Amino acid sequence: MPELPEVEVSRMGITPHVLNQVVTKVNIHNGSMRWPVPDDVYQLTGLTVTGVERRAKYLLLHCELGSTILHLGMSGNLRVVSANEPLKKHDHIEFIFANGKALRLNDPRRFGCCLWQAPGSVHKLLAKLGPEPLTDEFFAKQVYQQSRNKKVPVKQFIMNNAIVVGVGNIYANESLFKAGIDPRREAGKVSLKSFEAFIPIIKDTLAAAITQGGTTLKDFAQSDGKPGYFAQQLLVYGRKGQPCLVCKSELQEVRLGQRSTVFCGKCQK
DNA sequence: AAGGCCTCCTGGCGGC
DNA sequence: TGCCGCCAGGAGGCCT
C-alpha cells in the first residue's frame, strides 16, 4: 500500500470534496476489514466534516461527535466519485455527501480499517505513535539516543512506528541507499554522524514523493484516479539483480523482518 | 523488555 | 490455458 506520501496525497486529494460537507449517508458494504467496522461510524450521518487530518498513515475525518479513522493497509485506495457511479469490486465503505459526491474506500486485501474515535480521546492505535517524519520532532540526536544498544537491523528500527511513523518498506530501502547505510547494520552501531545524514534524507525522500503524487505500484492512484510519478525514480526498490546506479555492482536482496530489502553491498556500509 | 514470527486477504506474475 | 506457488505498499499481537 500506500506509504505515508500516498496517504498524504490522498488526504490532499479528498479534502476539497469533503471538508465542510454534510454526510447524508454512510454505507458499509463489507465491514470485515482488519477489525470489524464499528456501528459508531453511522453517527457521521447528518453531520458536517470539520477537518481532514493525517496522523502517520491514518486519515481522520473529524466531526462534532467524533472522528472516523481510516487506514489503507497494503492495498487500500480512496476515491471521490459521483455518488451515482456504480460501485467497483472491493469498494467496502462509502460516505455520501450533500454535494452529490461519494468517498469510497476500496481495499482488495482488507488489511485496512475504519474505526471510530470519540471526541477528546485518542484511539488506542494512535496513542503510542512516534513523531511525524516531516516535523522537527524527528531529529538525529533523539533517534541516535533511542537506537543505543538496539540490536535490531537499522532498517527495521527506522520502520518502527514508535521511533518515527510513516517510513514504509519502499522509502526505508530508498533512504538507506541514499545515506550509504547497510540496512542490516545493528541500529545501535549506527553513528550520530550517520543519523545526521540519514534523517534529512528520509525527510527529503518522503517530501519529494508527496510532491510527485506518491509512488505508483500496481493499483495505487490518487483520489482523482491519476497515477503518481515517484516510481520512475526508485533507486533500489524492485531493482534486485540490476546494476547499482552509482557503482554498477549488482544490487542484492535480503529479507529483514519478513520484508524485501534491496541494497548495494558496495555503496552501503 | 526486546526481538522474532505469524497473521489477516486478494490478486498478479512467473514457471511448468 | 490452467494450475500452483510465491510475492506484495502494513502492522498488531503473540510467543519466547
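All values reported here derive from a predicted model rather than from experimental measurement. So that the names make sense, note that chain A is the first sequence line, chain B the second, and so on, each numbered from 1.
Nearest nucleotide to the side chain of A:Arg109, out of C:dG9, C:dG10, C:dA8: C:dA8. Side-chain atoms of A:Gln258 lie closest to B:dC6 of the nucleotides B:dA2, B:dC6, C:dG9. The A:His90 side chain lies nearest to B:dT10 when the options are B:dC5, B:dT10, C:dG10. The side chain of A:Tyr58 has C:dG12 as its nearest neighbour among C:dG10, B:dA2, C:dG12. In the set C:dG10, C:dG13, B:dC5, the nucleotide with an atom closest to the side chain of A:Trp35 is C:dG13. Side-chain proximity of A:Tyr237 to the nucleotides C:dG9, B:dG4, C:dG12 is greatest for C:dG9. When the nucleotides C:dG10, C:dA8, C:dG13 are ranked by their closest atom to the side chain of A:Glu253, C:dA8 comes out on top.
Atom C1' of nucleotide B:dG4 and atom CE of A:Met159 are separated by 15 Å, given to the nearest angstrom. Separating the CG atom of A:Leu59 from the C1' atom of C:dG10 is a distance of 14 Å, rounded to the nearest angstrom. The distance between atom CG of A:Asn77 and atom C1' of C:dG10, rounded to the nearest whole Å, is 16 Å. Separating the NZ atom of A:Lys240 from the P atom of B:dG14 is a distance of 14 Å, rounded to the nearest angstrom. For A:Tyr171 and C:dA11, the OH to P distance is 14 Å, given to the nearest whole Å. Rounded to whole Å, atom P of B:dG4 lies 14 Å from atom CZ of A:Phe157. Between the P atom of C:dG12 and the CG atom of A:Leu126 lies a distance of 9 Å, rounded to the nearest Å. When the P atom of C:dG10 is taken as reference, atom CD1 of A:Ile163 falls 17 Å away, rounded to whole Å.
Of the nucleotides present, none pairs with B:dC9 by Watson-Crick or G-U wobble criteria with both distances under 3.5 Å. Applying the Watson-Crick and G-U wobble criteria (two distances, each under 3.5 Å), C:dG9 pairs with nothing in any strand.
None of A:Leu235, A:Ile201, A:Leu234 except one satisfies the side-chain contact (heavy atoms from CB on, under 4.5 Å) rule with A:Phe177; the exception is A:Leu235. Across A:Asn160, A:Thr205, A:Ile202, A:Asn161, a single residue satisfies side-chain contact (heavy atoms from CB on, under 4.5 Å) together with A:Val167, and that is A:Ile202.
Using a 4.0 Å heavy-atom cutoff across all strands shown, A:Asp107 reaches no nucleic acid atom at all. Within the nucleic acid shown, A:Lys128 has no heavy atom closer than 4.0 Å to any nucleic acid atom.
Contact check on A:Glu8 versus A:Arg11 returns a salt bridge, with a Lys/Arg side-chain nitrogen under 4.0 Å from an Asp/Glu carboxylate oxygen.
A:Tyr144 and A:Phe195 have perpendicular rings, their planes meeting at more than 60° on a 0 to 90° scale where under 30° would count as parallel.
Considering only side-chain N and O atoms, A:Ser260 lies under 4.0 angstrom from the phosphate OP1 or OP2 of C:dA8. Between A:Arg259 and the phosphate of C:dG9, there is a side-chain N or O to OP1/OP2 separation shorter than 4.0 Å. For A:Lys150 and B:dG3, the shortest distance from a side-chain N or O to OP1 or OP2 is not below 4.0 Å. Under 4.0 angstrom from either OP1 or OP2 of B:dG11 there lies at least one side-chain N or O belonging to A:Lys89. Of the side-chain N and O atoms in A:His71, none sit less than 4.0 angstrom from OP1 or OP2 of C:dG10.
Comparing A:Arg110 and A:Pro153, the nucleotide of DNA chain B nearest to each residue sits closer to the 5' end for A:Pro153.
The environment of A:Lys240 atom NZ is sparse: at most 12 non-hydrogen atoms of other residues, nucleotides or ligands sit within 6.0 angstrom. Around the CD atom of A:Glu64, the shell of radius 6.0 Å holds no more than 12 heavy atoms that belong to other residues, nucleotides or ligands.
A distance cut-off of 5.5 Å between ring centres, combined with a plane angle under 30°, leaves A:Phe111 outside any stacking arrangement with the base of C:dA11.
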